[in-house]
Amino acid sequence: MSLAEDKSLKMSFEPKTIEHLGVKMYSHIPPALAELIANAYDACATEVYIRLYDGAEKKVIVQDNGTGMSFDEINKFFLRIGRNRREERQESQCSRVPTGKKGLGKLALFGIGNKISISTTKNKKRVNFLLDWEEITNWDGKDYTPKFKELDTEDSSGTTFSLEQLKRVSSFPLEAYAISISKLFNFKDDEFKVYLSLNDSESILIDNKLKYENIEAEFEWEFPVTSVSISDDFENKLNIFGKIISTEKPLKPGLRGITLFANGRMVNAQEFFGATESSHFFSYTTGWLDVDFIDEVEEDLISTDRQSINWETELTSGLKKFLITALRYIEQDWRKKRKEKRKENVQKNTSVNIDDWLKTVPQGIKEKLDVLIAKVDQSELSSLDQSETIQNLHALVPEYPNLHWRYIHDEIKQVSEVYYKNKDYYTAFLEALKRYTNEVRSKSSSTNSSDRSMMGEVFSGRKLSVTKKYKKSDGNDFAIDTKQNIEEGQHYLSEGIVTGGRNPLSHEEHRELNSSGLFSEKDCLDFLSLLSHLFKRLEDSQIP
């Protein structure tokens, strides 16, 4: 054999490699703890207890009641960096699909602590061993050999991790950790429970509900989507399970977006997958989807820190396209449902039926109201604030606004309103005039059959005085000329409205009068206002 044939190339690994693969990738406690939770799940545990201690000496203890590991399994599986459990076809005693592939999760523990004590029991044998980061980084041998003890025990199977010499100096925010951990999992096995406690206080149960505990859903969309038509030919669309939620009020930025899970673990952090996010819709939307098929293909499509999927494959690019299409459909449906609900809320809170109200408003005014109402509907205002805004708009622009804005006297409104609402303004005026003349005749006891001459008889002849009851603030009378002018005004205006108002309408076609502009519908409305003024004077009149 030649000297050249004796030569070989070798790849060596420095401790820095491990540091970059695990330690620096898991500098936050919840993701690191998630690796131990995943290990417990894969080991068929039904309970996992995470105990945090932030006294003088900070430490973390994670205990599960899973199958544990034998001495050989520790060597063959746990201490092997980068092993793929699925390729090894390692059998699960509880038929769970393994949540991990890369075999790097154990390195996460060094991201939060320098010493990791492990005690694992299986088949009445316990193995205790210690992983020391300082020893590993200074190790000069080929393989790192941690200290261990093996002993017999009557204890049940399971594994306990104790993390010491923690790198964190501040206290542990228990509830925030619980919520953060819950967002990393979506296990379907109801028998798998995870508990978190601080300084042996009462434990918090970390379950799927916790991640959305403080979110009050307004609308929900269930997957797979079968009841609606989302135009997309993605072959796995019926293998996507989960829920998308919208809320009534905008969500905090950290809660927005759709999280993807595969086999119970997060594979893609909250996002909207490239959909245009300029719409208000994305400020109100969150949810989760199970896409197990992403984790079942031979190619590893999930990043090491499980924050994102590789979107550059045929499978994942198809998934992204489908998700964007689904979000577009849901956004349209959201707008429709939100509009309907807010109309219902406005009617409930204000007794204003928007559709019925707008039908009574002249077209030019309605067009402006439509714009304002649309802006209110698309605003960030709460349902209550929207109702208040609509109520104020309705007060400014009531049904049949021209009738209200003219401050029509109640008596005049009573007899003319039904004709006004039917847009029969000529009859509205004529009926109002009848009411006025009848009241003048009744109050004055006049027997004059001519409406015009009666007005002169009553007001010029002083059968009724429209000024008698009024005095100045000092108790003295107003000037005689002032009162005389008002009395004459009542006389001539009353005669004039009969002569210039009723008489033309009695002899000409209303259509011709309106189309020519000689006596328009607006003139009728002006006469209603004048009648309201005259009626108010009549109401205050007295016998001299």
Side-chain angles (χ1 to χ4, degrees), residues 218 247-250 279-281 283-284 334-433 435-436 493 497 501 510 514 517 519-540:
E218 183 176 33
T247 55
E248 184 177 349
K249 297 179 180 179
S279 165
H280 288 312
F281 167 71
S283 299
Y284 296 83
W334 172 77
R335 291 188 182 282
K336 179 182 176 183
K337 289 181 175 178
R338 193 166 182 248
K339 187 174 183 179
E340 290 172 353
K341 181 180 178 182
R342 294 203 166 182
K343 276 186 178 180
E344 291 173 2
N345 286 339
V346 166
Q347 186 169 354
K348 179 181 177 182
N349 295 332
T350 67
S351 299
V352 176
N353 184 305
I354 293 177
D355 291 333
D356 290 346
W357 165 37
L358 293 179
K359 289 176 184 176
T360 70
V361 176
Q363 186 60 31
I365 300 172
K366 178 181 179 299
E367 290 172 358
K368 294 179 174 61
L369 278 177
D370 284 338
V371 173
L372 290 173
I373 291 170
K375 289 185 180 295
V376 171
D377 184 59
Q378 296 166 12
S379 71
E380 300 287 337
L381 294 173
S382 68
S383 179
L384 212 58
D385 288 337
Q386 284 195 340
S387 296
E388 184 178 348
T389 303
I390 295 298
Q391 192 169 30
N392 288 333
L393 281 174
H394 178 259
L396 290 170
V397 188
E399 287 88 352
Y400 309 103
N402 284 332
L403 183 66
H404 292 276
W405 287 342
R406 292 172 179 271
Y407 300 102
I408 303 298
H409 190 283
D410 286 342
E411 288 285 330
I412 300 300
K413 187 187 297 183
Q414 184 180 29
V415 295
S416 64
E417 187 168 9
V418 64
Y419 302 103
Y420 176 92
K421 290 179 178 179
N422 290 328
K423 298 183 179 179
D424 184 359
Y425 303 116
Y426 291 98
T427 303
F429 162 61
L430 289 172
E431 289 298 308
L433 181 56
R435 172 60 63 89
Y436 176 62
L493 288 173
I497 202 167
H510 298 171
N514 188 48
F519 199 132
S520 68
E521 291 179 337
K522 183 178 183 300
D523 292 323
C524 292
L525 296 176
D526 290 340
F527 274 132
L528 285 177
S529 297
L530 177 56
L531 280 171
S532 291
H533 167 73
L534 294 174
F535 210 102
K536 184 260 180 187
R537 292 284 190 200
L538 175 65
E539 194 174 48
D540 292 340

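Every heavy atom of this structure was used, including side-chain atoms; hydrogens, water molecules and symmetry mates were not.
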Answer yes or no: is there a donor N or O on one side and an acceptor on the other, between the side chain of [X] and the main chain of [Y], under 3.5 Å?
{"X": "Asn349", "Y": "Asn345", "value": "yes"}
{"X": "Gln386", "Y": "Val376", "value": "yes"}
{"X": "Ser416", "Y": "Ala428", "value": "no"}

Just by distance, with hydrogens left out, do [X] and [Y] show a side-chain donor and acceptor under 3.5 Å apart?
{"X": "Arg335", "Y": "Ser279", "value": "yes"}
{"X": "Asp526", "Y": "Ser529", "value": "no"}
{"X": "Thr389", "Y": "Asn392", "value": "no"}

#### Entry: Non-hydrogen side-chain atoms of Asn353 and Val346 separated by less than 4.5 Å
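Sidechains of Val346 and Asn353: no contact.
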### Query
Is there a side-chain contact between Leu534 and Leu530, using heavy atoms and a 4.5 Å cut-off?
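Yes - at least one pair of side-chain heavy atoms lies under 4.5 Å apart.
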First locate atom [atom1] of [X], then atom [atom2] of [Y], and finally report the distance between them rounded to the nearest 0.5 Å.
{"X": "Thr360", "Y": "Lys366", "atom1": "OG1", "atom2": "NZ", "answer": "10.5 Å"}
{"X": "Gln347", "Y": "Ile354", "atom1": "CD", "atom2": "CD1", "answer": "8.5 Å"}
{"X": "Lys522", "Y": "Leu528", "atom1": "NZ", "atom2": "CG", "answer": "12.0 Å"}
{"X": "Cys524", "Y": "Asp424", "atom1": "SG", "atom2": "CG", "answer": "9.0 Å"}
{"X": "Leu358", "Y": "Leu369", "atom1": "CG", "atom2": "CG", "answer": "6.0 Å"}
{"X": "Leu538", "Y": "Glu411", "atom1": "CG", "atom2": "CD", "answer": "9.5 Å"}

### Message
In terms of relative ring orientation, are Phe429 and Phe519 parallel, tilted or perpendicular, with 30° and 60° separating the classes?
### Response
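Plane angle between 30° and 60°, so tilted.
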### Query
Relative to each other, are the rings of Tyr436 and Phe535 parallel, tilted or perpendicular (30° and 60° limits)?
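Aromatic pair Tyr436/Phe535 classed tilted.
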### Message
A quick test of your reading: do over 12 heavy atoms of other residues, nucleotides or ligands sit less than 6.0 Å from NZ of Lys341?
### Response
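Result for NZ/Lys341: enclosed.
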### Query
Does NZ in Lys337 sit with more than 12 non-hydrogen atoms of other residues, nucleotides or ligands closer than 6.0 Å?
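Count over threshold, so yes.
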### Task
Apply the test side chain to side chain contact (heavy atoms under 4.5 Å, CB included) to residues Glu521 and Lys423: give CA-CA distance (whole Å), side-chain angles for both, the deciding distance (0.1 Å), then the verdict.
CA-CA 9 Å; Glu521 291 179 337; Lys423 298 183 179 179; 5.8 Å; no
### Message
So that I can tick it off, tell me whether Lys421 and Glu399 are bridged by a salt bridge, with the cut-off set at under 4.0 angstrom between side-chain N and carboxylate O.
### Response
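Here Glu399 does not pair with Lys421 in a salt bridge, since their nearest N and O are not under 4.0 Å apart.
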### Query
Less than 4.0 Å between a side-chain N and a carboxylate O, is that true for Asp355 and Lys359?
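Salt bridge flag = no for Asp355 with Lys359.
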### Message
Please list all pairs meeting ring-ring contact (aromatic ring centres under 6.0 Å, His included) that have one or both residues in residues 340-371, counting only residues at least two apart or in different chains.
### Response
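Residue pairs passing ring-ring contact (aromatic ring centres under 6.0 Å, His included), neighbours aside: Trp357-His394.
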#### Entry: Summary of ring-ring contact (aromatic ring centres under 6.0 Å, His included) pairs that have at least one residue in residues 334-354, sequence neighbours excluded
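Passing the test, one end in residues 334-354: Phe281-Trp334, Tyr284-Trp334.
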### Query
Taking it one step at a time, do Lys536 and Asp540 satisfy side chain to side chain contact (heavy atoms under 4.5 Å, CB included)?
CA-CA 6 Å; Lys536 184 260 180 187; Asp540 292 340; 3.4 Å; yes
### Task
Applying side chain to side chain contact (heavy atoms under 4.5 Å, CB included), run through Leu393 and Val397 and close with a yes or a no.
CA-CA 6 Å; Leu393 281 174; Val397 188; 5.9 Å; no
### Query
After noting the C-alpha distance and the side-chain angles of Asn422 and Thr427, does the key distance pass the side chain to side chain contact (heavy atoms under 4.5 Å, CB included) rule?
CA-CA 10 Å; Asn422 290 328; Thr427 303; over 6 Å; no
### Query
Of Tyr426, Tyr419, Tyr420, which meets side chain to side chain contact (heavy atoms under 4.5 Å, CB included) against Glu431?
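So the option named by the test is Tyr419.
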Search all heavy atoms of [X] against all heavy atoms of [Y] and return the closest pair with its distance.
{"X": "Ser387", "Y": "Thr350", "answer": "O-CG2, 3.4 Å"}
{"X": "Pro401", "Y": "Ile365", "answer": "CG-CD1, 4.2 Å"}
{"X": "Ile412", "Y": "Ala432", "answer": "CG2-CB, 3.6 Å"}
{"X": "Glu248", "Y": "Arg342", "answer": "O-NH2, 3.7 Å"}

